[in-house]
Amino acid sequence: MGTKGIEIVGMDVNVLLELLNKAFSDEWLAYYQYWLGSKVVRGPMKESVIAELIQHAADELRHADMLTIRIIQLGGTPVTEPMKWYDFTNCGYDAPDDPFVRTILEQNIKGEQCAIGVYKKLLETTLNKDPVTYTMVLQILQDEVAHEEDLQALLEDFEVIVTK
Ligand SMILES: [Fe+2]
Ligand SMILES: [Fe+2]
């Protein structure tokens with residue numbers, strides 16, 4: 001815990017820690033949704049979709065890592081029980097029970113759109129109050145925006161193939 005580092009935060013640190021733990025829980029659930037999706041996905045363009053899902057899973061895990069580091073810097077404790085991820089999550093978890101390419105892509109697009117909303121709000125919350133968290137959130141938001149576009153581009157290609 002860095003005392004001066006915490007002192008310069010111009011907002012209630014406990015409120016911020018709660019928001020960061022909520023995002024942290026989202027990231028683990030997103031990681032697992034992508035990771036499992038990459039194993040079970042079936043249908044046309046499977047190989048390209050698998051490659052994208054694996055890449056996104058790695059990014060979500062990296063986001064969880066970034067959030068953990070920040071939570072600890074702020075004197076907080078990252079959620080220690082996976083069971084609690086469900087209590088904290090903003091965006092929830094969509095089980096890949098239907099492994100068809102279109103369903104998997106649609107589920108993950110929905111997740112990315114939720115994440116974009118969460119991080120946009122977190123940016124507004126930390127603007128001019130906590131530049132360190134703000135900068136981290138901005139990096140994550142850039143990834144989530146790219147993720148949404150990656151998946152929507154794949155879905156467009158998929159629709160072209162199946163409607164031909
Ligand atoms: Fe993420
Ligand atoms: Fe993402």
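When a ligand or atom number is given, it counts from 1 through the structure's own listing order.
- Separation of atoms CD (Glu27) and OG1 (Thr68) is listed at 10.0 Å; rounding is to 0.5 Å.
- Applying the side-chain contact (heavy atoms from CB on, under 4.5 Å) test between Asn108 and each of His56, Gln33, Glu148, Glu52 identifies Gln33 as the sole match.
- Using a cut-off of 2.8 Å, one finds that Glu27 contributes an N/O/S atom close to the Fe ion (ligand 1).
- With sequence neighbours excluded, the residues satisfying salt bridge (Lys or Arg N to Asp or Glu O under 4.0 Å) with Glu7 are Lys4.
- In this structure, the side-chain contact (heavy atoms from CB on, under 4.5 Å) partners of Asn14, at least two apart in sequence or on a different chain, are Asp12, Leu17.
- Listed by first then second residue, pairs satisfying side-chain hydrogen bond (donor to acceptor under 3.5 Å, both in side chains) with a partner in residues 135-145 read Arg62-Asp143, His63-Asp143, His63-Glu144, Glu144-His147, not counting sequence neighbours.
- Panel detail: the Fe ion (ligand 2) has protein N, O or S atoms under 2.8 Å away, 5 in number.
- Here the two rings, on Phe158 and Phe100, have centers that are under 6.0 Å apart.
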